[in-house]
Amino acid sequence: MASIFTKIISGKIPCYKVAENDDFFAFLDINPNAKGHTLVVPKKEVNRLFDLDEDTYSKLMEFSRKIAIALEKVVPCERIGMSVIGLEVPHVHVHLIPLNAMEDIQFKKKVSLAPEEFGKIAKLISEAL
Ligand code: 5GP
């Protein structure tokens, strides 16, 4: 069965899209740790990060770096943190999270954003690429 992220990539489930190329897709996390929390996903559906082939793994990091640089231009923060977990969604994804404190990367404190705010941030990151 297709993962929820495959359904997002194919447009079956809506998202706040940030960027896309032939192999990767970036969109805002629906339950963000911080404003601008972005997920970067390979279109190829693989469960675990280190099961990716070397080329896809390297390109995922390259693509994530570009998104992180754009994200940092848009969301003022101390730095962008990166995390790969996958305990909830078994389809590889990189979390890019604007950080100001250690707790921002701990997935305990969440922020709620209005739909317009999600839309605005996704657009700003996309334009900063
Ligand atoms: P993980 O698998 O790394 O533990 O967490 C999965 C992440 O995906 C969570 O941060 C969660 O909020 C996010 N997520 C789960 N389902 C959806 C969805 O349908 N849309 C979006 N945008 N994010 C989702």
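Indexing begins at 1, ligand by ligand and atom by atom, following the structure's order. We use all heavy atoms of the structure for the numbers below, so side chains are in, but hydrogens, waters and symmetry mates are not.
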To the closest 0.5 Å, what do you measure between CG (L71) and CD1 (I121)?
9.0 Å
Mind checking whether Y16 contacts ligand 1 via backbone (N, CA, C, O), side chain (CB onward), both or neither, at a 4.0 Å heavy-atom cut-off?
neither
Does the plane of the ring in F107 sit parallel, tilted or perpendicular to the ring in H37? Use 30° and 60° as the thresholds.
perpendicular
Candidates D29, N31, N33, I13; heavy atom nearest atom 11 (C) of ligand 1 found on D29
Does only the side chain of L39 get under 4.0 Å from ligand 1, or the backbone, or both, or neither? Count heavy atoms.
side chain
Taking NZ, NE, NH1 and NH2 as the nitrogens, is one of them in E116 or K120 under 4.0 Å from a carboxylate oxygen of the other?
no
Do the ring centers of F27 and F5 come within less than 6.0 Å of each other?
yes
Counting only heavy atoms not in E54, do more than 12 fall under 6.0 Å of its CD?
no
Looking at D53 and K44, does any basic side-chain N land under 4.0 Å from a carboxylate oxygen?
yes
Within the 4.0 Å heavy-atom cut-off, what F5 brings close to ligand 1 is side chain
Check each atom of ligand 1 against the heavy atoms of H95 and keep those under 4.0 Å away; list them by number with element.
1 (P), 3 (O), 5 (O), 7 (C), 10 (O)
Is the shortest N/O to N/O distance between G86 and ligand 1 below 3.5 Å?
yes
In ligand 1, the atoms that come under 4.0 Å of a heavy atom of H93 are 1 (P), 2 (O), 3 (O), 5 (O), 6 (C)
Please check whether V89 reaches ligand 1 - meaning an N/O of the residue sits under 3.5 Å from an N/O of the ligand, judged on distance alone.
yes
Looking only at protein heavy atoms, which one is nearest to atom 22 (N) of ligand 1, and what is the separation?
L28 O, 2.9 Å
For atom 15 (C) of ligand 1, what is the closest protein heavy atom, and at what distance to 0.1 Å?
E88 OE2, 3.3 Å
Distance under 4.0 Å to a non-hydrogen atom of F27: what atoms of ligand 1 satisfy this?
21 (C), 22 (N)
Pairing donors with acceptors under 3.5 angstrom, does anything connect the side chains of K109 and N33?
no
side-chain contact (heavy atoms from CB on, under 4.5 Å) assessment of I4 paired with H91
CA-CA 8 Å; I4 191 149; H91 181 160; over 6 Å; no
Atoms in ligand 1 with a heavy atom of I8 nearer than 4.0 Å
18 (C), 19 (O), 20 (N)
CA sep, side-chain torsions, deciding dist, call: I67, L129, side-chain contact (heavy atoms from CB on, under 4.5 Å):
CA-CA 7 Å; I67 306 289; L129 280 164; 4.0 Å; yes
Atoms in ligand 1 flagged as close to I85, the criterion being non-hydrogen separation under 4.0 Å
3 (O), 4 (O)
Please state which protein non-hydrogen atom is closest to atom 23 (N) of ligand 1 and give its distance, to 0.1 Å?
I30 N, 3.4 Å
Short side-chain donor-acceptor distance under 3.5 Å, H95 and S83:
no
Numbered in order shown, the ligand 1 atoms found under 4.0 Å of a heavy atom of I4 are 19 (O)
